[in-house]
Amino acid sequence: VQLQASGGGLVEPGRSPRLSCLPSGRIFNLNAMSWYRQAPGKQRELVATITNNGMTNYEDSVKGRFIISRDNAEAENAVSLQMYKLKPEDTATYYCHAEYKCQKYSGSYYYTGTCEYWGQGTLVTVSS
């Protein structure tokens, strides 16, 4: 499954763009969909997560400004990230991520672990 992220670009501070993540196919045994971001020269960080049962979680700096939600009208497991009141420090490449249950082999037995898909990233530049 490929995750196609879109919606990035150059935006002015205070604007409210919306990012979309569209999986190319069904993700079986999905645990959660998330958005990560990586600013220039910094490590990738988790921005927002929505679990399979609808629970959400946000990184502190985006709480109250970003909303992650499902876009089931677009496709199964599609998610969006509505961003409000963007700041220059929100400038980063935003990545869509999916975590799902999968079978793994320890070398001697099979067990249920987690696997992941990553999207290609969409750059959001906040500047006037």
(message) Could you tell me if S16 and Q82 have a donor-acceptor pair between their side chains, going purely by distance under 3.5 Å?
(response) no

(message) Quick check against the 3.5 Å criterion: does N52 have a side-chain atom that pairs as donor or acceptor with the backbone of N31?
(response) no

(request) Ignoring hydrogens and angles, tell me if any N or O in the side chain of R70 forms a donor-acceptor pair with the backbone of S80 under 3.5 Å. (result) no

(request) Hey, could you give me each pair passing ring pair (Phe, Tyr, Trp, His ring centres under 6.0 Å) that has a residue in residues 32-55? Not counting sequence neighbours. (result) Y36-H97, Y36-W118

(message) Let me check something: do L46 and L81 share a hydrophobic cluster, defined by ILVMFWY side-chain heavy atoms less than 4.5 Å apart, either directly or through other members?
(response) no

(message) Can you list everything that forms a salt bridge (Lys or Arg N to Asp or Glu O under 4.0 Å) with E116? Sequence neighbours excluded, please.
(response) none

(request) Go through L19 and S6 one step at a time and tell me if the side chain to side chain contact (heavy atoms under 4.5 Å, CB included) criterion holds. (result) CA-CA 6 Å; L19 304 183; S6 62; over 6 Å; no

(request) Could you tell me which non-hydrogen atom of T49 sits nearest to which non-hydrogen atom of S34, and how far apart they are? (result) OG1-OG, 2.8 Å

(message) Show the nearest heavy-atom pair for residues P23 and V1, with the distance to one decimal.
(response) CB-CG1, 4.0 Å

(message) Does anything in residues 88-112 form a salt bridge (charged side-chain N to carboxylate O under 4.0 Å, His left out)? List the pairs, not counting sequence neighbours.
(response) R37-D90, R65-D90

(message) S128: which residues meet the side-chain hydrogen bond (donor to acceptor under 3.5 Å, both in side chains) condition with it, sequence neighbours left out?
(response) none

(request) Applying side-chain hydrogen bond (donor to acceptor under 3.5 Å, both in side chains), name anything that partners Q2, two or more places apart in sequence or on another chain. (result) none

(message) Hydrophobic clusters here meaning ILVMFWY residues chained together by side-chain heavy-atom distances under 4.5 Å, can you tell me if F66 and Y84 are in one?
(response) yes

(request) Not counting sequence neighbours, which residues clear side-chain contact (heavy atoms from CB on, under 4.5 Å) with N57? List them please. (result) none

(request) Tell me, please, which residues at least two apart from T51 pass side-chain hydrogen bond (donor to acceptor under 3.5 Å, both in side chains). (result) N53

(message) If I take atom CD from residue Q120 and atom SG from residue C96, how far apart are they, to the nearest 0.5 angstrom?
(response) 9.0 Å

(message) Clusters formed by hydrophobic residues whose side-chain heavy atoms approach within less than 4.5 Å: which one holds Y109, and what are its other members?
(response) Y111

(message) Please check: side-chain N/O of Y58 versus main-chain N/O of I68, any donor-acceptor pairing under 3.5 Å?
(response) yes

(message) Side chains of Q38 and E45, heavy atoms from C-beta outward: is any pair under 4.5 Å?
(response) no

(message) Assigning hydrophobic clusters by single linkage (Ile, Leu, Val, Met, Phe, Trp, Tyr; side-chain heavy-atom cutoff under 4.5 Å), is M83 placed with V62?
(response) yes

(request) State, to 0.1 Å, how close L30 and A98 come at their nearest heavy-atom pair, and which atoms those are. (result) CD1-CB, 4.2 Å

(request) Could you tell me which residues satisfy salt bridge (Lys or Arg N to Asp or Glu O under 4.0 Å) with K42, sequence neighbours excluded, listed by chain and number? (result) none

(request) Return the set of residues passing side-chain hydrogen bond (donor to acceptor under 3.5 Å, both in side chains) with T91 (not counting sequence neighbours), or none when no residue passes. (result) none

(request) Name all pairs fulfilling the salt bridge (charged side-chain N to carboxylate O under 4.0 Å, His left out) condition that reach into residues 14-36, sequence neighbours left out, sorted by first residue then second. (result) E12-R15, R18-D71, R26-E76

(message) Tell me whether the count of non-hydrogen atoms from other residues, nucleotides or ligands lying under 6.0 Å of CD in Q103 goes above 12.
(response) yes

(message) Please give me the minimum heavy-atom distance between S127 and L10, naming the atom from each residue.
(response) CB-CD1, 4.0 Å

(request) May I ask you to list the residues sharing a hydrophobic cluster with Y110, side-chain cutoff 4.5 Å, ordered by chain and number? (result) Y105

(request) Kindly work out whether a path of hydrophobic side-chain contacts (I/L/V/M/F/W/Y, heavy atoms less than 4.5 Å apart) joins L22 to V47. (result) no

(message) Looking at every non-hydrogen atom in both residues, tell me the closest pair between M33 and C21 and how far apart they are.
(response) CE-SG, 4.1 Å

(message) Quick check: closest heavy atoms across G8 and V124, and the distance to 0.1 Å?
(response) CA-CG2, 3.9 Å

